[in-house]
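The structure appears right after this line, and notes come after that.
Values below: all heavy atoms of this structure, side chains included; hydrogens, waters and symmetry mates excluded. Just follow the structure's listing: the first ligand is 1, and inside any ligand the first atom is 1.
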Amino acid sequence: AVKTEEELSLYIPQEGLVQLRNPHINGMDEDVLYHIALSNKSNNLTEMFQDVKFVCFGGSPTRMHKFAEYLVEELQIKIPAGLKVTNIAHGSDRYVLYKVGPVISVSHGMGIPSLSIIFHEILKLIHHAGCSDVIFFRIGTSGGLGLEPGSVVITEESVDGLLRPYMELSTLGMILQHPSKLDQDVARDLVSLANSEEDGYVTIIGKTMCTLDFYEGQARLDGAFCDYNEADKMAYLSRVHKRGIRNIEMESLCFAAYCYRAGIRGAVVCVTLLDRLKGDQITTPHDIMEEWQSRPQKLVAAYIKRKLNI
Ligand code: R2B
Ligand code: URA
């Protein structure tokens with residue numbers, strides 16, 4: 001059905017206070033953010049989070065802890081001697097959440113279902129806290145297509161395994177399609193902060209394919225199951241590459257769809273851990289991998305510093 005103008009206006013970026021597009025929430029006595037063990041009744045979310053301007057999501061809890069520690073240095077945040085950044089979501093063992101000045105660093109786990117849960121709860125958190133003009137980032141890892149491993153891809157558009165630019169979500173027995181558009185201005189500002197010659201690796205804007213599985217979903221030959229051969233795999237990955245896809249991961253479709261639906265400006269920045277046109281297994285030594293995984297963090301921290309005039 002053709003959308004009315006009112007329905008289309010749902011997708012205009014929000015300015016000012018973060019609003020929720022759910023009429024039920026404000027009528028509830030208490031809203032328990034179950035997976036991060038916080039609630040708008042038991043916690044003073046305004047006092048805790050009102051100054052938040054940036055939320056950085058990433059898959060791994062340790063990586064998001066490291067990112068929080070890195071931000072303490074980069075943003076020159078004063079922490080009382082002997083104290084460290086602490087996990088505000090310690091009452092739950094599902095996700096970790098740190099706050100460093102105006103930045104939240106939060107883990108999202110692996111795959112769309114895990115990211116979806118934390119996205120809902122973070123969006124509600126910043127709404128309850130009375131935050132305004134917040135930008136979201138996903139900083140992550142991915143498999144590259146035709147890129148030197150260690151390259152960084154900023155997502156221009158996220159597509160599913162059938163190359164469709166929307167996330168399908170089964171809701172009330174129907175399949176709803178949520179467009180997965182991302183903010184092109186934030187992507188351009190991010191890429192302008194990278195300098196491939198100085199950095200020693202390239203940072204590009206490209207399309208990202210988001211799959212529901214790491215093995216068969218990403219045409220790997222090394223899963224526990226495989227019903228296709230190497231030629232089938234290469235035909236698929238080459239086709240995808242020709243369509244402008246530069247990396248493959250497992251959360252960007254939902255992240256983009258929810259940012260767009262919420263009217264929140266968002267960007268996805270992922271390092272590539274291997275070239276999927278050359279292999280499937282990830283065998284890079286740990287220390288090199290650690291350095292690669294810090295690359296999206298550095299870029300997003302540089303963006304935040306620029307915005308804060310630091
Ligand atoms: C990238 O890395 C994870 C799989 O190894 C997944 O969360 C993703 O998107
Ligand atoms: N994450 C993915 O989803 N795929 C890869 O190949 C590497 C990291």
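- Nearest to atom 3 (C) of ligand 1 among the protein's heavy atoms is Met110 SD, 3.9 Å.
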Under 3.5 Å donor-acceptor pairs involving side-chain atoms of residues 194-203, not counting sequence neighbours:
| from | atom 1 | to | atom 2 | distance (Å) |
| --- | --- | --- | --- | --- |
| Asn195 | OD1 | Glu197 | N | 3.2 |
| Asn195 | OD1 | Glu198 | N | 3.2 |
| Asp199 | OD2 | Asn195 | N | 3.1 |

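- For the side-chain hydrogen bond (donor to acceptor under 3.5 Å, both in side chains) with His127, the lone residue among Asn40, Asn26, Asp31, Asn22 that qualifies is Asn26.
- In terms of polar-atom proximity, defined here as any N/O pair under 3.5 Å, Glu251 does make such a contact with ligand 1.
- Near Glu249, meaning under 4.0 Å from one of its heavy atoms, ligand 1 places the atoms 9 (O).
- Here Tyr303 and Phe137 bring their ring centres to under 6.0 angstrom of each other.
- Gln281 places no side-chain N or O within 3.5 Å of a backbone atom of Asp222 that could act as its donor or acceptor partner.
- Counting heavy atoms only, Arg220 comes closest to atom 6 (O) of ligand 2 of the residues Met209, Glu249, Arg220.
- For atom 5 (C) of ligand 2, the closest heavy atom belonging to the protein is Gly143 N, 3.3 Å.
- Interface of Leu274 with ligand 2, defined as ligand atoms under 4.0 Å from a residue heavy atom, comprises 6 (O).
- Aromatic ring centres of Phe119 and His108 lie farther apart than the 6.0 Å criterion allows.
- Looking at Arg138 and Glu249, a side-chain N of the basic residue comes within less than 4.0 Å of a carboxylate O on the acidic one, giving a salt bridge.
- Ranking the protein heavy atoms by distance from atom 5 (O) of ligand 1 puts Phe214 CE1, 3.5 Å first.
- Side-chain contact check for Arg246 and His241: at least one donor-acceptor pair (N or O, by modelled atom type) lies under 3.5 Å.
- In this structure, a donor-acceptor pair under 3.5 Å is absent between the side chains of Thr272 and Asn247.
- Every atom of ligand 1 with a heavy atom of Met250 under 4.0 Å away is listed here by number and element: 6 (C), 8 (C), 9 (O).
- Counting the atoms of ligand 2 from 1 in the order shown, those under 4.0 Å from a heavy atom of Ile248 are 2 (C), 3 (O), 4 (N).
- Taking every heavy atom of Ser142 and a limit of under 4.0 angstrom, the matching atoms of ligand 2 come to 1 (N), 5 (C), 7 (C), 8 (C).
- Assignment of His108 to the shell around ligand 1 is not supported, since no heavy atom sits closer than 4.0 Å.
- Within the 4.0 Å heavy-atom criterion, the part of Arg138 lying near ligand 1 is the side chain and not the backbone.
- In summary, the side chains of Ser116 and Tyr258 do present a donor paired with an acceptor at a separation below 3.5 Å, with no hydrogens or angles considered.
- When atom types are taken as modelled, the side chain of Arg94 and the backbone of Ala37 share no donor-acceptor pair closer than 3.5 angstrom.
- Note: an N/O pair closer than 3.5 Å links Thr141 and ligand 1 by distance alone.
- Considering backbone and side-chain N/O of Gly111, none are found under 3.5 Å from N/O of ligand 1.
- The shortest contact between atom 3 (O) of ligand 2 and any protein heavy atom is with Gln218 NE2, 2.9 Å.
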